[in-house]
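Counting starts at 1 for both ligands and their atoms, in listed order. Scope of the values below: all heavy atoms of this structure, side chains included, with no hydrogens, waters or symmetry mates. Residues: numbered from 1 along the sequence shown.
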Amino acid sequence: MLDGCGRTIDYLRLSVTDLCNYRCRYCMPEEGVPKRDHRDILSVEELVEIGRAAVRCGVKKIRLTGGEPLVRRGILDICRGLAAIPGLEELCLTTNGSLLAGLAAPLREAGVDRLNISLDTLRPARFSAMTRRGRLCDVWAGIAAAEAAGFRDLKFDTVLIGGFNDDEIEALTDLSRTHPWEMRFIELMPMGPCAEWDTHRFLPAETVLARVTDLEPIAPQGVARRYRLPGAKGTVGLITPVSHDFCADCRRIRVTADGKLKSCLHSREELPLRGLHGEALEAAIRQGIACKPAKHHLAERRSDTPRTMDQIGG
Ligand code: SAM
Ligand code: SF4
């Protein structure tokens, strides 16, 4: 379906929980988010019903996210239910990788087509410091399990943070030489805990191009500008929500774990979907798409949403 600005909207990011087993410093407060009654969070049936209605509105791709989607009880049932929707072309999932070692094969069997794995650093001590509780070795075990389960073309997402991981740009891009992976660098967006951080933490993704000068441009994919190192098996992606907004090409809508439709990550507008069924649910999704804002205001260091990233679904 087209939104009010003539953009095709065919991609839904569906959050299955706002809870997470990590506390990444830029994303979550140390104490985590207040645990809600499970009745406040969309049930497996509601998630699948929303997915079905979204597909009727033109959605072709659904990405499950959170919080950490793999901590959600019933995640495999959610995947099975969504994967069975006629007309859905791709079911993807974004994860911190911590629980992937045990879940990669079941996720594949449940119909997940693709995985994105967040990987902000290759240094174990740094990883534990940034996530406040994670172990990098668990993520590597998860990556191995994902490959063994048949997930191809893995994508890795690194949030670029000045003074934290900008000295690992070369090491991260190097992984694309020997692996058929896309190593993606995402600009840090000023929302949640990091909104108060000093400006030197917010680096433009072009820093990667200045550092790794032999990257050759290739065709973009989605909102990522893409590059390849000479002779590399994989690719490198840059995602620049702050320095070069891609709002004009945005095809996404989001649904939060508590059932609010957000047609823009950074907007305050939320449309409650809970309690709606059938045509009423479809009509609400269409209304949300029609009212999608033209653009966000990140260039002014301002996200208008009061929610943190884990509460929306990154
Ligand atoms: N827990 C899962 C994970 O970490 O992959 C999925 C949810 S997380 C909110 C999704 C993505 O958003 C992660 O890659 C994370 O690094 C990114 N993210 C969180 N806060 C961000 C921010 N302020 N700016 C840019 N990316 C952010
Ligand atoms: Fe959890 Fe992902 Fe946020 Fe890290 S970025 S705290 S793993 S939701």
Side-chain angles (χ1 to χ4, degrees), residues 13-33 62-72 75 92-100 103 107 112 114-121 126-136 138-139 142-143 146 154-162 164-165 172 182-199 201-205 223-224 237-243 245-246 252 254-257 262 265-266 296 298-299 301-314:
R13 292 174 83 108
L14 186 54
S15 175
V16 295
T17 178
D18 56 359
L19 299 178
C20 186
N21 52 348
Y22 286 0
R23 299 281 183 275
C24 299
R25 288 171 189 274
Y26 52 83
C27 177
M28 274 231 191
E30 177 144 31
E31 64 280 10
V33 291
I62 296 180
R63 174 174 301 283
L64 298 178
T65 181
E68 173 48 41
L70 300 190
V71 305
R72 168 72 200 251
I75 184 66
C92 311
L93 184 142
T94 292
T95 174
N96 63 25
S98 58
L99 301 173
L100 206 47
L103 279 169
L107 285 169
V112 176
R114 282 171 179 276
L115 291 178
N116 278 41
I117 301 171
S118 298
L119 185 65
D120 291 336
T121 170
R126 223 177 236 194
F127 184 86
S128 298
M130 176 51 83
T131 57
R132 293 192 177 110
R133 50 192 65 190
R135 296 187 320 167
L136 187 58
D138 295 335
V139 182
I143 295 167
L154 291 177
K155 289 185 180 165
F156 291 87
D157 292 328
T158 301
V159 179
L160 194 56
I161 304 172
F164 166 66
N165 61 5
L172 284 157
E182 179 151 301
M183 306 305 301
R184 310 187 333 155
F185 295 88
I186 304 174
E187 290 175 347
L188 179 66
M189 296 181 276
M191 51 195 303
C194 71
E196 308 303 324
W197 287 7
D198 192 80
T199 46
R201 300 286 183 195
F202 294 81
L203 291 179
V223 297
L238 301 186
I239 302 179
T240 60
V242 184
S243 65
D245 77 60
F246 38 74
R252 306 169 179 186
R254 295 167 192 263
V255 174
T256 61
K262 283 182 72 69
L265 169 61
H266 298 289
H296 61 60
L298 283 186
R301 284 285 310 270
R302 165 162 79 84
S303 176
D304 296 327
T305 178
R307 290 183 184 245
T308 53
M309 195 67 155
D310 60 287
Q311 291 170 321
I312 301 172

**Message:** Evaluate Thr95 for polar contact with ligand 1, using N/O atom pairs at a separation under 3.5 Å.
**Reply:** yes
**Message:** Only heavy atoms of Thr65, strictly under 4.0 Å: list the atoms of ligand 1 that pass.
**Reply:** 6 (C), 7 (C)
**Request:** Mark yes or no for whether Thr158, through its side chain, and Leu160, through its backbone, hold a donor-acceptor pair below 3.5 Å.
**Result:** no
**Item:** Close N or O approach (Asp157, ligand 1; < 3.5 Å)
**Value:** no
**Asked** Between Glu187, Met130, Glu68, which one has a non-hydrogen atom sitting closest to atom 25 (C) of ligand 1?
**Response** Glu187
**Request:** Check ligand 1 against Gly67 and write out every atom of the ligand that is under 4.0 Å from a heavy-atom position of the residue.
**Result:** 1 (N), 2 (C), 6 (C), 7 (C)
**Request:** Heavy-atom distances under 4.0 Å are what count here, so tell me which part of Cys24 touches ligand 2: side chain, backbone, both or neither.
**Result:** both
**Message:** Out of all atoms in ligand 1, which are within 4.0 Å of some heavy atom of Asn96? Include the element for each.
**Reply:** 2 (C), 3 (C), 4 (O), 5 (O)
**Asked** With distance as the sole test, does Arg126 use its side chain to make a donor-acceptor pair with the main-chain N or O of Phe164 at under 3.5 Å?
**Response** yes
**Message:** Closer than 4.0 angstrom, basic N to acidic O: yes or no for Arg201 and Asp198?
**Reply:** no
**Prompt:** Does ligand 2 have any atom sitting under 4.0 Å from a heavy atom of Gly67?
**Reply:** yes
**Request:** Below 4.0 angstrom from a heavy atom of Met28, which ligand 2 atoms are there? Numbered from 1 as shown, please.
**Result:** 6 (S)
**Prompt:** Among all residues two or more places apart in sequence or in another chain, which pass the ring-ring contact (aromatic ring centres under 6.0 Å, His included) test with Tyr22?
**Reply:** Phe127
**Prompt:** Any non-hydrogen atom of Cys194 lying under 4.0 Å from ligand 1?
**Reply:** yes
**atom 1 (Fe) of ligand 2 contact by Cys27, N, O or S atom under 2.8 Å** = no
**Request:** Would you name the heavy atoms of Met28 and Val33 that are closest together and state the gap between them?
**Result:** SD-N, 4.4 Å
**Asked** Ignoring hydrogens and geometry, is there a side-chain-to-backbone donor-acceptor pair from Arg72 to Val16 under 3.5 Å?
**Response** yes
**Asked** Counting heavy atoms only, which part of Thr94 comes closer than 4.0 Å to ligand 1: side chain, backbone, both or neither?
**Response** both
**Message:** Could you work out, for atom 15 (C) of ligand 1, the closest of Trp197, Phe156, Tyr26 by heavy-atom distance?
**Reply:** Tyr26
**Request:** Report the C-alpha separation of Asn21 and Ser98 in whole Å, then their side-chain angles, then the decisive distance to 0.1 Å, and conclude whether the side chain to side chain donor-acceptor pair (under 3.5 Å) test is met.
**Result:** CA-CA 8 Å; Asn21 52 348; Ser98 58; 2.8 Å; yes
**Asked** Judged by atom type as modelled, is there a donor-acceptor pair below 3.5 Å linking the side chain of Glu187 to the main-chain atoms of Ser243?
**Response** yes
**Request:** Tell me which part of Cys24 gets within contact of ligand 1: side chain, backbone, both or neither, using heavy atoms under 4.0 Å.
**Result:** neither
**Request:** For ligand 1, find out whether one of its N or O atoms is nearer than 3.5 Å to an N or O atom of Met189.
**Result:** yes
**Request:** Would you please name every residue forming a side chain to side chain contact (heavy atoms under 4.5 Å, CB included) with Ala224, sequence neighbours left out?
**Result:** Glu182, Arg184, Arg226, Ile239
**Item:** Atoms in ligand 1 flagged as close to Ser118, the criterion being non-hydrogen separation under 4.0 Å
**Value:** 3 (C), 4 (O), 5 (O), 13 (C), 14 (O)
**Message:** I'd like to know if the side chain of Thr240 reaches the main chain of Val242, judged simply by a donor and an acceptor atom lying under 3.5 Å from each other, with no hydrogens or angles considered.
**Reply:** no
